[in-house]
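Read through the structure below, which is laid out as structure tokens, and then see the notes.
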Amino acid sequence: MHRHHHDHEHDTSPEALREALSAAFWDERYGGSDRVWSGRPNQRLVEQVADLTPGTALDVACGEGGDAVWLAKQGWKVTAVDVSEVALAKVAAHAEDEGVGDRIKIGFYDALADPRPAGRHTFDLVTVSFLHVPQPDFADIYRGIADAVAPGGRLLVTAHHPEDVTTGARHDHGPGLMFEPDRVLATLGADDPDGPWEVEAAATPTREQATEDGPLAVRDTVVRLRRIR
Ligand SMILES: C[S@@+](CC[C@H](N)C(=O)[O-])C[C@H]1O[C@@H](n2cnc3c(N)ncnc32)[C@H](O)[C@@H]1O
């Protein structure tokens, strides 16, 4: 059967976009025997954590655990959470293989069911990489995630920048899913009742990604905030 891929034929309502944030969707995605992601840590995490002293870390929407395993190897005590139990089982296996099974705890987290992944103000570092949520849900979910940052601790948000759609680096998965630093700063900025936050990084750097047609520059959104108290 011929399949159409024109944007106007996709259901991009917030309801339809939320389907792509379900355990069923991601369990199927992670269900194969192969890794979906590379197993290596995200470049932005490596860059942003370089100047921090290891403590407790929460990796939100951890996927297969490339970031969590890397953090554990750097001396962090890591909790890794995701909506996909299939992904979490892979994290646990990966952690055992790498000899850091005792430094990583795994846990179920569904951002749509309860935006708070952990207890209030508990982690020295909360990192969330590439969790793109419908715009109407963004403030609730990212405030819930930020709630887990301890006083003096950091929130690191890494995401795909919307520019990638125009450069051909990425398809648009729905309106408003990818975001710029401003969306994070507007949510967790001066008006956040749970602040105040110090902005330690708000940047849109590019990196080269290998594609079938050769290397392509992709742009990331990177925001690092410190909870002042
Ligand atoms: C693009 S992947 C990024 C994975 C990992 N952070 C990384 O950088 O490799 C998005 C992740 O978000 C998780 N996710 C999707 N919907 C979620 C939800 N409602 N609550 C929590 N995690 C969710 C998926 O299971 C998936 O692992």
Side-chain angles (χ1 to χ4, degrees), residues 14-32 34-49 57-72 76 78-95 98 104 106-118 123 125-148 155-162 164-165 169-174 177-179 184 205 207 209 218-224:
E15 291 69 31
L17 296 178
R18 285 183 195 115
E19 292 269 335
L21 289 175
S22 67
F25 179 93
W26 286 94
D27 280 346
E28 189 183 332
R29 186 100 197 264
Y30 286 124
D34 291 343
R35 275 189 184 146
V36 176
W37 315 118
S38 68
R40 292 189 301 275
N42 281 301
Q43 178 185 340
R44 304 309 169 200
L45 175 79
V46 174
E47 291 167 357
Q48 290 295 328
V49 166
L58 176 67
D59 185 3
V60 176
C62 61
E64 289 157 313
D67 286 353
V69 167
W70 181 84
L71 282 167
W76 293 81
V78 183
T79 301
V81 299
D82 199 282
V83 77
S84 169
E85 296 282 6
V86 176
L88 291 172
K90 287 186 169 183
V91 177
H94 187 189
E98 297 289 325
I104 300 187
I106 55 171
F108 176 80
Y109 166 60
D110 182 353
L112 291 178
D114 179 355
R116 283 162 308 165
F123 286 90
L125 171 69
V126 174
T127 175
V128 50
S129 301
F130 307 110
L131 179 63
H132 303 105
V133 302
Q135 203 159 357
D137 301 302
F138 185 89
D140 268 2
I141 290 176
Y142 274 84
R143 282 202 181 116
I145 292 169
D147 185 64
L155 173 70
L156 175 62
V157 178
T158 305
H160 294 308
H161 190 281
D164 279 3
V165 173
R170 218 169 290 289
H171 297 294
D172 199 354
H173 295 293
L177 278 190
M178 294 182 260
F179 55 92
V184 181
R207 66 193 150 87
Q209 189 164 293
V218 297
R219 194 176 289 283
D220 294 320
T221 282
V222 182
V223 177
R224 186 174 119 184

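Nothing fancy with the numbering, it's 1 onward along the sequence. Remember, it's 1-based here, ligands and their atoms both numbered in the order they're listed.
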Report task. Step by step, work out the side chain to side chain contact (heavy atoms under 4.5 Å, CB included) result for Leu125 and Asp59. Result -> CA-CA 8 Å; Leu125 171 69; Asp59 185 3; over 6 Å; no
Query raised in the report: At a 4.0 Å threshold, what atoms of ligand 1 neighbour a non-hydrogen atom of Ala111?
Result: 18 (C), 19 (N), 20 (N), 21 (C)
Query raised in the report: For atom 24 (C) of ligand 1, what is the nearest protein heavy atom, given as residue, atom name and distance?
Result: Trp26 CD2, 3.3 Å
Requested in this report: Measure up the Tyr142 and Phe179 rings against each other and bin them: parallel (under 30°), tilted (30 to 60°), perpendicular (over 60°).
Outcome: perpendicular
Query raised in the report: Would you say Arg40 has more than 12 foreign heavy atoms packed within less than 6.0 Å of its CZ?
Result: no
Query raised in the report: Near Ser129, which atoms of ligand 1 are under 4.0 Å from a heavy atom of that residue?
Result: 3 (C), 5 (C), 6 (N), 8 (O)
Report task. Would you mind telling me if ligand 1 is within reach of the side chain of Asn42, the backbone, both or neither, using heavy atoms under 4.0 Å? Result -> side chain
Query raised in the report: Asp67 side chain to Asn42 main-chain N or O, any donor-acceptor pair under 3.5 Å?
Result: yes
**Report entry** Part of Phe25 with heavy atoms under 4.0 Å of ligand 1, whether side chain, backbone, both or neither
**Finding:** neither
**Report entry** Ala61 neighbourhood, listing ligand 1 atoms whose heavy-atom distance to it stays under 4.0 Å
**Finding:** 4 (C), 5 (C), 6 (N), 11 (C), 12 (O), 13 (C), 22 (N)
Report summary line: Sorted by chain and residue number, the side-chain contact (heavy atoms from CB on, under 4.5 Å) partners of Gln135 (sequence neighbours excluded) come out as Arg183
Query - Part of Cys62 within contact of ligand 1 (heavy atoms, under 4.0 Å) - result: backbone
Query raised in the report: For Gly65, does its backbone N or O pair with a side-chain atom of Trp70 as donor and acceptor, under 3.5 Å?
Result: no
Query raised in the report: Which of the atoms in ligand 1, numbered in the order shown and given with their element, are less than 4.0 Å from a heavy-atom of Tyr30?
Result: 25 (O), 26 (C), 27 (O)
Query raised in the report: Closest non-hydrogen protein atom to atom 9 (O) of ligand 1, residue and atom name please, with distance?
Result: Trp37 CD1, 3.7 Å
Query raised in the report: Could you state the interatomic distance from CG (Leu71) to SG (Cys62), rounded to the nearest 0.5 Å?
Result: 11.0 Å
Query raised in the report: Which ligand 1 atoms, with their elements, are less than 4.0 angstrom from a heavy-atom of Leu21?
Result: 15 (C), 16 (N), 17 (C), 18 (C), 19 (N)
Query raised in the report: Can you tell me the protein heavy atom closest to atom 21 (C) of ligand 1 and the distance?
Result: Tyr109 O, 3.1 Å
Requested in this report: Determine whether the side chain, the backbone, both or neither of Phe130 has a heavy atom under 4.0 Å from any heavy atom of ligand 1.
Outcome: both
**Report entry** ring-ring contact (aromatic ring centres under 6.0 Å, His included) partners for Phe123, two or more places apart
**Finding:** none
Report summary line: Checking heavy atoms under 4.0 Å, the part of Leu131 that sits near ligand 1 is side chain
Query - Closest approach of any protein heavy atom to atom 22 (N) of ligand 1, naming residue and atom - result: Val83 N, 3.5 Å
Query raised in the report: Can we say Arg116 and Asp147 salt-bridge, meaning some charged N sits less than 4.0 Å from an Asp/Glu carboxylate O?
Result: no
Query - Under 3.5 Å donor-acceptor, Asp110 side chain and Val83 backbone - result: no
Query raised in the report: Does Asp82, backbone or side chain, put an N or O under 3.5 Å from an N or O of ligand 1?
Result: yes
